[in-house]
There are 2 protein chains.
Amino acid sequence: MRDDPHEALPAVSDDRSPDLRVGAFQGVRAARRNELAEDYVELIAELIHMQGEARPVDIAASLGVKVPTVSKTLDRLSREGLITRAKYRSVFLTEEGRALAKECRRRHEIVLRFLISLGLDPETAERDAEGIEHHVSERTLALFSAFANRS
Amino acid sequence: MRDDPHEALPAVSDDRSPDLRVGAFQGVRAARRNELAEDYVELIAELIHMQGEARPVDIAASLGVKVPTVSKTLDRLSREGLITRAKYRSVFLTEEGRALAKECRRRHEIVLRFLISLGLDPETAERDAEGIEHHVSERTLALFSAFANRS
DNA sequence: GCGGATTTATAGCCTTGTCTAACATTTCGC
DNA sequence: GCGAAATGTTAGACAAGGCTATAAATCCGC
């Protein structure tokens with residue numbers, strides 16, 4: 001879940017102004033900390049939906065990382081209460097994890113639909129959406145959504 | 001510099017398809033590795049432009065981190081050939097660093113103008129642009145640019 | 001139901017990014 | 001031009017995210 005902080009941010013000006021951007025960096029770094037967790041829960045939800053279970057080996061293949069990396073990250077997600085797991089068993093989302101997954105999927109869908117409705121090819125749209133979805137505010141999402149639904 | 005890889009990516013389908021997204025993750029992780037460097041060189045260029053020099057203390061204040069963190073990161077950027085520095089002196093961009101900064105600023109401007117032209121308030125636009133700019137492909141940038149310039 | 005193949009876990013290493021504390025240098029006011 | 005304030009560096013801690021190598025458990029074909 002992005003925490004969507006509303007730090008102080010002076011008005012925009014055309015010509016440079018470092019101060020302008022200062023506050024933004026905090027929010028970006030905050031969002032970055034959550035990106036990986038969001039990717040995981042979203043993917044786990046998808047795997048469970050698609051194939052009935054989420055196995056580390058499939059998660060690893062999907063993300064393009066090695067299984068031990070997944071294992072370690074799952075430990076963290078478990079510590080953070082997003083998933084539950086038992087040794088040598090596949091992974092499940094907690095209530096909280098499911099909520100986060102749903103939220104992520106919603107954002108992903110909106111960004112993807114928006115990019116495609118803008119005229120982007122679906123492959124590029126998918127790649128860009130994956131990166132962008134963690135960094136769009138609720139306000140921007142609303143605009144994206146409205147645009148995609150325009151007449 | 002985003003490396004803008006063009007990995008294999010199957011066609012989009014409305015209803016889930018993990019494979020779809022698989023390739024996207026590689027690109028996202030690649031982009032993530034460069035984000036911080038991009039933030040730094042862009043900010044350094046801005047500081048030099050605005051106040052004639054880029055001092056660690058100002059970089060730290062702008063990014064919202066502590067000075068030693070900046071110092072360590074500058075070491076890395078120096079190793080990577082993006083900046084030059086001398087002990088207790090302020091920081092300069094190399095030719096390569098300047099090119100990257102220019103490229104980053106271009107992306108930032110396009111994304112920012114686009115968001116504002118979509119109807120987003122400037123403050124939120126700035127925050128979102130900061131996060132989004134590292135994840136937009138050239139193709140998307142072209143569309144953003146065209147949209148912002150529409151009649 | 002055994003044994004090999006697959007999957008999962010663990011240990012250990014590396015890098016990056018963050019911090020604090022302690023020390024060094026430079027800058028600046030007077 | 002001296003000394004205090006500001007700035008910069010270094011050292012060391014810690015977490016996260018990645019890897020390889022090795023060990024353990026599960027799964028499956030026969």
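In what follows, chains are A, B, ... by sequence order, proteins preceding strands, each numbered from 1. Just the heavy atoms: all of them, side chains too, but no hydrogens, waters or symmetry mates, feed the values below.
With salt bridges taken as basic N to acidic carboxylate O contacts below 4.0 Å, none links A:Asp39 and A:Arg107. For A:Arg106 and A:Glu38, the salt-bridge test fails: no basic side-chain N is under 4.0 Å from an acidic carboxylate O.
Remark on DNA chain D: of its neighbouring residues A:Ala37 and B:Arg89, the 5'-side contact belongs to B:Arg89, judged by nearest-heavy-atom nucleotide. Nucleotides of DNA chain C nearest to A:Val57 and B:Arg76 differ in position, and the one nearer the 5' end is that of A:Val57. Annotation: of the two residues near DNA chain C, A:Arg85 and A:Lys72, the 5′-most nearest-nucleotide partner is A:Arg85.
Taking every side-chain heavy atom of A:Lys66 into account, D:dC19 is the closest of D:dC19, D:dG17, C:dG17. The side chain of A:Pro68 has C:dT10 as its nearest neighbour among C:dT20, C:dT10, C:dG17. The side chain of B:Pro56 approaches D:dG8 more closely than any other nucleotide in the set D:dG8, C:dG17, D:dG18.
In this structure, the CG atom of B:Leu77 is 17 Å from the P atom of C:dT15, given to the nearest Å. As rounded to whole Å, 15 Å separates atom C1' of D:dG18 from atom CG of A:Asp75.
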Under the salt bridge (charged side-chain N to carboxylate O under 4.0 Å, His left out) rule, what do A:Arg139 and B:Asp128 come out as? Steps first, then yes or no, please.
CA-CA 10 Å; A:Arg139 205 170 285 189; B:Asp128 284 12; over 6 Å; no
After noting the C-alpha distance and the side-chain angles of A:Arg127 and A:Glu130, does the key distance pass the salt bridge (charged side-chain N to carboxylate O under 4.0 Å, His left out) rule?
CA-CA 5 Å; A:Arg127 290 205 292 111; A:Glu130 199 62 64; over 6 Å; no
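Relative ring orientation between B:Phe114 and A:Phe114 is described as tilted, the plane-to-plane angle lying within the 30° to 60° band.
Between B:Ser71 and the phosphate of D:dT9, there is a side-chain N or O to OP1/OP2 separation shorter than 4.0 Å. Within the 4.0 Å cut-off from OP1 or OP2 of C:dC19, at least one side-chain nitrogen or oxygen of B:Thr69 is found. Taking side-chain N and O atoms only, B:Arg79 has a distance below 4.0 Å to OP1 or OP2 of C:dT16. Residue A:Lys87 places no side-chain N or O under 4.0 Å from the OP1 or OP2 atom of C:dT7.
Within the nucleic acid shown, B:Val67 comes within 4.0 Å of at least one base atom, counting heavy atoms only. Residue contacts shown for B:Arg32 are absent, as no nucleic acid heavy atom lies under 4.0 Å away.
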